[in-house]
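The block underneath contains the structure these notes are about, expressed in structure tokens.
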Amino acid sequence: MTQMKKSTQGTATATVPSNIALLKYWGKSDENHQIPANDSLSMTLKNAVTTTSATVLPNAMGDRFELNGEERDLHAPANSKILKHLSVLREHLHGLETPYLSIESQNHFPTGCGIASSASGFGALTLAAVGAWTQAHSIEELAQHGLSLQRLAHLARLGSGSAGRSFWGGYVHWEKVDEACSLSPMFSADYWPLADIIMIISKEEKKISSSAGHRSAWTSPLFRPRLSGIPAKLNALKLFIRDRQFTALGALIEQEALDMHAVMLSSTPPAKYIDEQTGELLAWVREQRQLGKLPAYFTLDAGPNIHLICEVQNAAAVTAYLAKHLPHVTLLADETGTGPTLHWESETFDQNNSHQNTRGEP
Ligand code: DP6
């Protein structure tokens with residue numbers, strides 16, 4: 001029987017979901033360490049995910065990166081956040097060998113549809129890179145290397161703040177604690193699954209990056225009053241999720257999204273992410289709900305697309321109503337998801353130099 005492994009190489013593949021904040025992260029208290037100005041609470045999504053594979057390049061002169069099948073120059077300004085994140089990861093993982101990587105990333109939602117990809121993107125980049133460097137076969141095995149989900153989430157947050165909340169399913173709390181922060185799951189996905197029907201209003205890239213928006217938040221006269229109201233909103237939100245009070249949750253998330261956009265619009269320079277069409281649709285959603293025809297509540301991120309949150313048993317009816325009355329709007333159906341996965345596929349060379357692929361745990 002041929003045995004004797006000579007070398008094991010392989011590819012780590014991470015799938016990390018996006019998340020939609022119900023209580024929003026807007027403004028940073030320490031930009032260098034990515035500490036938010038306030039607590040936030042999000043729902044992890046199921047379908048809007050990024051899958052990233054990373055393979056060690058033994059003799060390379062640098063990392064390579066492919067997004068949705070296209071080679072990207074990591075030294076181009078548009079990709080500087082990715083290059084910087086890889087160097088931040090290496091800096092934080094000293095003691096671990098961190099050779100150059102070949103990275104291939106795929107967003108599983110329509111490209112350029114305006115859906116924020118930074119949470120799932122930086123989450124998957126972090127998990128895949130760490131997976132390739134450790135050759136771990138699963139998230140559980142990473143924990144044995146001292147890389148718990150907590151630690152991975154904090155590493156991902158350094159690339160994009162909201163990415164830290166994508167490391168658990170269900171509802172996740174990012175808490176500001178003095179001059180630091182902590183991340184923890186609060187309720188699991190099956191505790192209270194909700195639907196998120198995303199209305200695509202614009203496919204354009206946003207003109208103001210969220211990083212620039214976070215910075216200008218402090219100039220808004222509405223920002224400090226917003227911060228002082230966050231603890232009460234957080235407590236109410238936790239209770240509404242705990243008691244599955246949909247109507248109360250809905251009213252709160254609408255108020256919260258509008259509150260964040262009021263800060264954005266009153267900042268200097270203003271961060272204007274919503275246009276007239278979004279405004280009209282928000283009013284339409286409220287009107288239809290009051291008429292008893294649309295049991296759904298909206299929330300918005302740093303962009304014009306509307307996330308309509310509803311109970312899963314109403315998702316099909318809400319989608320059908322939207323499709324009938326707003327045929328020009330593209331809809332994406334999503335719901336509460338269970339969090340990230342990691343697997344390992346090895347190429348094992350035997351004595352005869354023939355090789356076989358072995359799939360790690362899914
Ligand atoms: C409006 O996480 O994209 O979506 O940390 O600068 O990368 P950076 O910002 P990012 O901010 C997202 C803000 C938000 C609200 C939220 O997700 O909480």
Side-chain angles (χ1 to χ4, degrees), residues 16-45 48 50 78-85 88-89 107 109 114-126 153-168 171-176 181 183 186 196 198 205-218 220 222-223 226-227 230 233-234 237 252-265 267 270-274 278 298-307 309 334:
V16 176
S18 190
N19 65 76
I20 178 74
L22 304 177
L23 184 67
K24 308 289 183 182
Y25 149 52
W26 196 246
K28 305 182 190 191
S29 70
D30 177 347
E31 196 172 336
N32 290 331
H33 298 98
Q34 285 278 85
I35 309 295
N38 62 272
D39 285 32
S40 57
L41 198 155
S42 58
M43 179 176 96
T44 299
L45 297 177
T50 300
N79 303 316
S80 63
K81 269 184 100 173
I82 297 166
L83 192 64
K84 180 167 173 237
H85 190 55
V88 166
L89 289 178
N107 287 329
F109 35 88
I115 295 296
S117 56
S118 74
S120 56
F122 279 93
L125 176 65
T126 305
H154 279 285
L155 288 172
R157 153 181 86 70
L158 299 173
S160 182
S162 51
R165 295 187 312 232
S166 282
F167 278 74
W168 294 271
Y171 299 85
V172 181
H173 181 197
W174 184 14
E175 187 180 7
K176 174 169 160 48
C181 63
L183 283 149
M186 192 161 261
D196 178 5
I198 308 164
E205 281 280 313
K206 53 187 169 200
K207 292 186 186 79
I208 308 139
S209 71
S210 11
S211 300
H214 282 292
R215 221 168 286 139
S216 70
W218 291 97
S220 162
L222 304 177
F223 189 55
R226 164 175 167 74
L227 291 182
I230 292 279
K233 269 191 198 164
L234 175 68
L237 191 54
L252 192 153
I253 66 171
E254 285 197 351
Q255 189 212 344
E256 164 61 358
L258 294 174
D259 191 58
M260 177 180 72
H261 278 272
V263 167
M264 291 164 162
L265 289 168
S267 297
K272 188 175 178 294
Y273 294 111
I274 47 176
T278 307
F298 63 75
T299 183
L300 301 156
D301 270 346
N305 297 321
I306 301 172
H307 291 249
I309 307 294
D334 216 325

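Heavy atoms only: backbone and side chains are in, while hydrogens, waters and symmetry mates are out. Order of listing sets the numbers, starting from 1, for every ligand and every atom in it. Everything numeric here is computed off the predicted structure, so don't read it as measured data. Residues take their numbers from the sequence shown, with the count starting at 1.
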Residue-ligand contact Ser118/ligand 1, heavy atom below 4.0 Å: yes
Sub-4.0 Å atoms of ligand 1 with respect to non-hydrogen atoms of Ser211: 6 (O)
Set of residues satisfying salt bridge (Lys or Arg N to Asp or Glu O under 4.0 Å) with respect to Lys28, sequence neighbours excluded: none
Check against side chain to side chain contact (heavy atoms under 4.5 Å, CB included), Ile35 and Arg157: CA-CA 9 Å; Ile35 309 295; Arg157 153 181 86 70; 4.1 Å; yes
Test of proximity, Ser160 against ligand 1: N or O pairs below 3.5 Å: yes
Worked verdict on Thr44 versus Asn19 for side-chain hydrogen bond (donor to acceptor under 3.5 Å, both in side chains): CA-CA 4 Å; Thr44 299; Asn19 65 76; 6.0 Å; no
Subset of ligand 1 atoms that lie under 4.0 Å from at least one heavy atom of Lys81: 7 (O)
Over all atoms of both residues, closest heavy-atom pair of Trp218 and Ser29: CZ2-CA, 4.1 Å
For Ala21, the ligand 1 atoms whose distance to one of its heavy atoms is below 4.0 Å: 16 (C), 17 (O), 18 (O)
Within-4.5 Å side-chain heavy-atom neighbours: Arg226 and Lys24: yes
Non-hydrogen atoms of Ser220 and Ser267 that approach each other most closely: CB-OG, 3.7 Å
Any side-chain heavy-atom pair of Tyr171 and Leu22 under 4.5 Å: yes
Proximal candidate to atom 4 (O) of ligand 1 [heavy atom criterion; set Leu23, Asp301, Leu22]: Asp301
Sub-4.5 Å side-chain heavy-atom contact between Glu256 and Thr299: no
Ligand 1 N/O within reach of Ala302 N/O, cut-off under 3.5 Å: no
Sub-4.0 Å atoms of ligand 1 with respect to non-hydrogen atoms of Lys28: 5 (O), 6 (O), 8 (P)
Counterpart residues, side chain to side chain donor-acceptor pair (under 3.5 Å), relative to Asp39 (two or more places apart): His173
Lys24-ligand 1 polar pair, N/O distance under 3.5 Å: no
Ligand 1-proximal atoms of Glu256, by part, heavy-atom distance under 4.0 Å: neither
Winner among Gly27, Gly213, Ser210 once heavy atoms are compared against atom 3 (O) of ligand 1: Ser210
Contact with ligand 1 for Arg157, non-hydrogen, under 4.0 angstrom: no
Residue Arg165 vicinity, atoms of ligand 1 by number, heavy atom under 4.0 Å: 16 (C), 17 (O), 18 (O)
